[in-house]
Amino acid sequence: MRLFVGIDLPWELRHRIAALATTGIQGARWVPPENFHLTLRFIGEVPPHRAEEIDWALAALRGKGFELTLAGVGTFSKGGRANTLFVGVERNPRLEHLQNKIETALQRVGLEPERRRFQPHVTLARLDNAPEFKLAGFVQAHNLFRAEAFAVEHFTMFSSQLGKEQSVYTAEVEYELG
Ligand code: 3AM
């Protein structure tokens, strides 16, 4: 199974961010609303017994619910090329704390530490050679985007099946936050 841990988003919010998608950015593959999520920790391919251990570790984690606000848009680049267009998240120490707890729990069951810095975001589109000026225009147009805060009452283990056009994400387990 290919797994990741994340926060799923209320449908109202998904519709709100889906409305940001526009035509006119060549090379943008917009994520469909059913796939919007905030990744807390990518796990990757694991055999079933590892998945079970991971599930136990996450179920044992005691976390508290909190409010989260999506705000701003931006791009991630690799090798000087923008490859992801995302909606940002307002700075949130409670979210960072939860992410940290998950990271610790997963390392304790033997997963390799995640080396990349946690940059909370919701991916809006994947980019293949999208023109820089179009991206700059998009970011400028939507930088003041700010959604209503929503309550994060659980986090979720998702499985992901890679597809040609889009992956299919399935919520496998929800872990309640107190
Ligand atoms: O949440 P987003 O859409 O930014 O790109 C994948 C997606 O990110 C990312 O995990 C999320 C759920 O699939 N992902 C895929 N492979 C990865 C890897 N090897 C990865 N993240 C880190 N390392």
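What you see is a predicted model; the values in this text were computed from it and never measured. Counting starts at 1 for both ligands and their atoms, in listed order. Position 1 is the first residue of the sequence; numbering continues from there.
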Problem - Lys/Arg-Asp/Glu bridge criterion (N-O < 4.0 Å) met for R91, E96 - result: yes
Handout entry: Within the protein, residues bringing a heavy atom under 4.0 Å of ligand 1, chain by chain
Key = R2, F4, H37, T39, F42, R116, H121, T123, R126, Y169
Exercise for the section: Describe, in one word, how the ring planes of H37 and F4 are oriented to each other, choosing from parallel (under 30°), tilted (30 to 60°) and perpendicular (over 60°). Expected result: tilted
Problem - Non-neighbouring partners of P131 that pass side chain to side chain contact (heavy atoms under 4.5 Å, CB included), sequence neighbours left out - result: Q26, F133, K134
Problem - Working for salt bridge (Lys or Arg N to Asp or Glu O under 4.0 Å), residues E90 and R146 - result: CA-CA 9 Å; E90 253 180 29; R146 186 171 186 275; 2.5 Å; yes
Practice task
Using only heavy-atom distances, determine whether the side chains of E172 and S159 contain a donor-acceptor pair under 3.5 Å.
Solution key: yes
Problem - From CA spacing to verdict: salt bridge (Lys or Arg N to Asp or Glu O under 4.0 Å), E103, R41 - result: CA-CA 7 Å; E103 179 63 32; R41 172 53 143 101; 2.6 Å; yes
